[in-house]
Structures are given as structure tokens and as C-alpha cells.
Amino acid sequence: MNTTYASIKGLGFYVPETIVTNQDLTQHMDTSDAWIQERTGIKQRRYFTYGKDTNASMATAASRMALDRSQVDTKEVDLIVYATITPDYYFPGSAFLMQRELGLEGVGVIDIRNQCSGFVYALSIADQFIKTGMYKTILVVGSEIQSTFLNKSNEGRGVAVIFGDGAGAAVVQATTDPEHRILSTHLHADGRYAEELYVRDPGSSREGRWLTEETLSGGNYNVTMNGNAVFKHAVVRFAEVIQESLAANAYKPEDLALLVPHQANIRISEYVRQQMNLPEEKVFNNIQKYGNTTAASIPIALTEAYEEGRIKPGDLVCLAAFGSGFTWASALIKW
Ligand code: COA
């Protein structure tokens with residue numbers, strides 16, 4: 001009997017048309033192009049257009065591209081796994097809205113709230129459901145509208161300059177070919193650091209009602225980040241989880257054709273690259289163009305890497321993420 005594996009059949013992404021440069025941000029806060037580029041590598045990011053883009057519409061556009069490129073009919077999709085921390089509604093999740101836009105009524109949907117690791121968690125879920133034989137074709141999506149969550153004043157400048165909007169998607173399908181498949185996925189989290197990078201409000205555990213004048217004036221609905229703590233943990237966990245995926249499949253760093261890290265910060269990626277002793281061309285970066293798009297960053301980067309011819313059949317590709325929670329995860333793929 002043939003063993004069933006999961007493979008990525010096709011990729012797609014969507015970024016909103018409005019480009020916001022570092023220079024544009026100087027109109028709202030005391031910052032500079034030089035500071036942002038030196039600390040993060042970011043030159044510009046995209047912000048959604050109100051009335052045109054929604055979290056779910058961006059995810060739908062990315063999914064349609066991925067389905068087209070896979071030559072998979074939308075009706076073949078039998079599960080949607082959707083990662084976002086910036087859903088259209090507080091509930092239900094944006095997966096429901098995308099399912100509706102795609103005309104997939106009745107198909108199961110799962111919303112994932114694992115921040116920057118969300119896409120890798122979603123991919124891992126798809127991999128498991130396919131390997132058990134429960135589903136054959138799964139849409140895996142990461143989509144974020146973060147521009148409305150940021151405090152774009154001096155007070156919030158350490159966070160606001162980092163994040164951007166966008167969406168990416170992958171069609172994951174069953175295969176019996178052991179040479180072209182997701183080899184393994186590795187998921188981790190450490191809730192002791194939940195408040196190092198978080199949005200406090202609106203939360204349910206408040207005295208009285210969850211949304212009050214006090215909550216609104218408190219400003220805790222903006223992203224709060226301890227940048228130094230995030231940086232220190234990220235560099236350790238990225239390297240660890242990449243090594244874990246390689247060791248689980250008896251590979252070494254030099255066997256990697258491409259590492260596609262979550263686009264958190266160019267200095268983090270560079271630090272990890274050096275720790276792993278990888279040449280520059282083996283680590284993909286596009287944070288310069290899009291900033292950190294949280295759950296969307298890996299599928300956007302993976303799609304661009306593929307479009308640029310940086311991934312070929314048979315290549316060993318590692319996806320690795322770290323983010324709020326803290327959470328970190330990896331996926332090793334034989335393309
Ligand atoms: N423009 C100009 N100056 C800024 C600024 C901005 N956008 N943001 C902060 N500063 C200032 C600070 O106020 C501080 O000034 P001070 O020395 O007068 O107090 C100075 O720059 C240094 O601040 P600090 O926070 O120590 O800078 P840093 O070198 O740690 O860089 C980050 C800040 C956020 C870029 C960095 O910590 C980082 O990249 N962390 C990881 C974040 C990340 O990847 N998050 C996503 C995780 S998924």
C-alpha cells in the first residue's frame with residue numbers, strides 16, 4: 001500500500017497597492033529612513049485600502065492565485081486553514097468569510113491565531129490531515145491587516161515601523177511521491193513570554209464590560225512589544241527549530257537549498273544565517289519591500305522565492321518562524 005504524504009502544489013500572494021515608505025512615516029513620527037533600514041532592513045511596506053481590501057479579500061486573492069497556479073479547481077478544496085491575528089471580525093474568524101467568497105459552503109474551516117508562526121502551524125495541520133487520509137486538498141492561508149493596529153505616533157514608533165499588510169496562500173495536496181513532499185513540521189510555544197509582544201485589549205478578562213471608555217483611553221489596543229526580548233529569543237529559537245527539522249530528517253545545514261524565514265527583521269535573519277553558516281543566496285529576504293506581515297510573511301516570501309526561480313524540484317527548503325506567544329515553528333520540504 002502506498003503511503004500518503006502532503007506536498008505544496010502551488011503558491012500565491014496579494015499585497016495591497018499603497019506603498020508606505022520610511023520617508024512617509026516621518027510625517028507621523030520622529031523617525032528616519034536610515035534608522036529603520038539600519039535596525040530592521042525595511043524600506044517600505046504596504047497598507048490596505050479601506051473599501052477595497054479586507055483581510056479575507058486579500059486572502060481570497062492570494063488563494064485564487066495559488067489555485068490557478070496549481071491547476072486545482074476551487075471545488076476540490078476540502079479544508080481551509082487560515083492564519084491571522086488581525087481578523088475582519090472579533091468572531092467568526094476570517095476563514096468563514098474567505099470560504100464564502102470562494103463559494104465553498106459546507107467545507108470545513110480552521111482559524112489559527114499563532115501570530116508570526118501561524119502559517120507554519122497551519123501548514124502542519126494541513127500536513128497531518130492529509131497524511132491521515134482525511135482530506136486531499138487543503139488551502140493554507142496567512143493574511144494580515146496590521147496598519148490599523150499600530151500607534152503611528154512617537155509613542156508607538158518602535159513597533160509601527162516594522163509591520164505591514166498582505167496575504168499569501170498555498171494549495172497543499174495529497175501525494176504518494178516520497179521525493180516531493182513536506183518531510184516534517186515542528187511546533188513550539190512558551191506562554192511565559194505572552195506579554196512580551198501582545199495586544200491587551202479588547203480582552204474578556206476585564207472588570208465589568210470588555211470594551212469601555214477606560215479600555216479605549218488606555219491605548220492597550222495597540223501592539224506592545226519588548227523589542228530587545230523578542231530579538232534575543234528569536235535568534236536562539238530560529239536556529240534551534242531549523243536544526244531540529246534538519247536533524248529529524250538526517251540532513252545538515254549545507255544540504256539546504258533555501259531557508260525562508262519569517263520576515264521579522266533583517267538583522268535576525270542575518271544573525272541566524274551566520275549561526276547556521278549559510279551563504280547569503282540560501283536565505284530569502286523580502287522584508288525590504290513588505291515589512292513584517294506576521295502570518296502572511298512566509299507564504300509571500302515563499303511565493304516570491306518560487307517566482308524568482310530560487311526553488312527547483314528536489315530542493316530542500318526550510319520554512320522557519322518565530323513570534324508572539326512566544327511561538328516558533330519550522331517545516332522541512334523536499335520540493
Ligand atoms: N525611529 C527612531 N528612533 C527610534 C524608533 C524609530 N522608529 N524606535 C525606537 N527608537 C529609539 C528609541 O526610543 C531609543 O532611543 P533612546 O536610546 O533615546 O532611548 C533608541 O531608538 C533605541 O531603541 P531600542 O528599542 O533599544 O532599539 P533597538 O536597537 O532594540 O531596535 C527594534 C528596536 C524594535 C528594531 C529591535 O528591538 C528589534 O528588531 N526587535 C525585534 C523585533 C521583531 O522582530 N519583532 C517582530 C517579531 S515577530
Side-chain angles (χ1 to χ4, degrees), residues 20-45 83-86 112-121 142-144 146-147 149-166 168 187-191 193-199 222-242 260-273 283 285-288 290-301 319-330:
V20 178
T21 64
N22 294 343
Q23 191 58 35
D24 292 335
L25 292 179
T26 64
Q27 291 165 19
H28 310 283
M29 61 189 86
D30 184 11
T31 189
S32 68
D33 180 45
W35 192 98
I36 300 170
Q37 282 207 48
E38 190 194 315
R39 306 285 172 125
T40 70
I42 298 164
K43 294 183 180 175
Q44 60 182 52
R45 73 286 294 139
T84 187
I85 50 162
T86 52
I112 306 285
R113 288 168 49 91
N114 283 46
Q115 302 84 23
C116 301
S117 301
F119 183 81
V120 183
Y121 268 74
S143 182
E144 304 287 3
Q146 310 194 94
S147 51
F149 273 74
L150 304 169
N151 175 357
K152 298 185 202 97
S153 70
N154 279 350
E155 203 191 341
R157 65 182 179 170
V159 173
V161 299
I162 293 176
F163 294 99
D165 304 341
L187 310 180
H188 297 281
D190 190 341
Y193 302 101
E195 285 81 17
E196 299 290 15
L197 172 53
Y198 81 133
V199 175
N222 292 310
V223 178
T224 303
M225 176 173 75
N226 178 350
N228 290 328
V230 173
F231 197 101
K232 281 182 194 148
H233 284 264
V235 289
V236 175
R237 297 307 195 183
F238 262 115
E240 237 176 57
V241 82
I242 296 164
V260 182
H262 160 56
Q263 305 291 299
N265 180 315
I266 201 107
R267 288 189 303 150
I268 294 177
S269 296
E270 183 54 20
Y271 194 94
V272 172
R273 183 186 76 73
V283 180
N285 294 303
N286 65 0
I287 193 170
Q288 301 86 339
Y290 306 122
N292 178 340
T293 56
T294 303
S297 100
I298 287 183
I300 293 174
L319 314 181
F322 177 89
S324 158
F326 289 142
T327 173
W328 59 104
S330 63

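In listed order, ligands and their atoms are each counted from 1.
- Only the side chain of C116 comes within contact range of ligand 1, with a heavy atom under 4.0 Å; no backbone atom does.
- Nearest protein heavy-atom contact of atom 36 (C) of ligand 1 is R267 NH2, 3.9 Å.
- Of all atoms in ligand 1, listed by their number and element, those nearer than 4.0 Å to a heavy atom of I268 are 44 (O).
- Between the side chains of D165 and Q146, no donor-acceptor pair of N or O atoms lies under 3.5 Å.
- Annotation for ligand 1: atoms under 4.0 Å from non-hydrogen atoms of V161 are 7 (N).
- Among R157, Q263, E155, the residue whose heavy atom lies nearest to atom 13 (O) of ligand 1 is R157.
- In terms of protein heavy-atom proximity, atom 30 (O) of ligand 1 is nearest to N228 OD1, 2.9 Å.
- No N or O atom of F322 sits closer than 3.5 Å to an N or O atom of ligand 1.
- Distance remark: protein heavy atom present below 4.0 angstrom from atom 46 (C) of ligand 1.
- Nearest protein heavy-atom neighbour of atom 9 (C) of ligand 1: W35 CZ2, 3.5 Å.
- Side-chain contact check for T293 versus Q263: every heavy-atom pair is 4.5 Å or farther apart.
- Of the protein's heavy atoms, N265 ND2, 3.6 Å lies nearest to atom 38 (C) of ligand 1.
- C116 and A321 get closest at one heavy-atom pair: O-CB, 3.5 Å.
- Using a 3.5 Å distance cut-off with no hydrogens or angles, the side chains of R157 and N151 do not pair a donor with an acceptor.
- Side-chain contact, T294 with E144: no donor N or O sits under 3.5 Å from an acceptor N or O.
- Each of Y198, Y193, F238 was compared with F326 under the ring-ring contact (aromatic ring centres under 6.0 Å, His included) criterion, and only Y193 meets it.
- With a 4.0 Å cut-off on non-hydrogen atoms, T31 touches ligand 1 through its backbone as well as its side chain.
- With a 4.0 Å cut-off on non-hydrogen atoms, Q115 does not touch ligand 1 at all.
- Remark: ligand 1 and T40 share no N or O pair separated by less than 3.5 Å (distance only, no angle test).
- Donor-acceptor pairing under 3.5 Å is lacking for the side chains of S117 and N114.
- Heavy atoms from other residues, nucleotides or ligands lying under 6.0 Å from CD of Q23 number 12 at most.
- For H262, no nitrogen or oxygen atom sits less than 3.5 Å from a nitrogen or oxygen atom of ligand 1, counting backbone and side chain alike.
- Between R267 and E270 no salt bridge is recorded (no basic side-chain N to carboxylate O distance below 4.0 Å).
- In the vicinity of M225, heavy-atom distances shorter than 4.0 Å reach the ligand 1 atoms 34 (C), 42 (C), 45 (N).
- Close contacts of ligand 1 with A264, meaning ligand atoms under 4.0 Å from a residue heavy atom, involve 44 (O).
- Under 4.0 Å from ligand 1, not a single heavy atom of T294 appears.
- Taking every heavy atom of both residues into account, V20 and L25 meet most closely at CG1-CD2, 3.9 Å.
- Here is the list of ligand 1 atoms found below 4.0 Å of a heavy atom in G158: 8 (N), 34 (C).
- With rounding to the nearest 0.5 angstrom, the CD1 atom of I287 is 6.0 Å from the OG1 atom of T40.
- Distance check on atom 25 (O) of ligand 1: every protein heavy atom falls at or beyond the 4.0 Å cut-off.
- Checking only distances, R39 does come within under 3.5 Å of ligand 1, N or O to N or O.
- Note: no N/O pair closer than 3.5 Å links N292 and ligand 1 by distance alone.
- In F231, the CZ atom is crowded: over 12 heavy atoms of neighbouring residues, nucleotides or ligands sit closer than 6.0 Å.
- Ring centers of F322 and H262: at least 6.0 Å apart, outside the cut-off.
- The shortest side-chain heavy-atom distance between N285 and I266 falls under the 4.5 Å cut-off.
- Protein heavy atoms are absent from the space less than 4.0 angstrom from atom 17 (O) of ligand 1.
- At most 12 heavy atoms of other shown residues, nucleotides or ligands fall within 6.0 angstrom of atom NZ in K43.
- Counting only heavy atoms, the protein gets under 4.0 Å from atom 6 (C) of ligand 1.
- Considering only non-hydrogen protein atoms, atom 43 (C) of ligand 1 sits nearest to V230 CG1, 3.8 Å.
- Nearest protein heavy-atom contact of atom 40 (N) of ligand 1 is G227 O, 2.9 Å.
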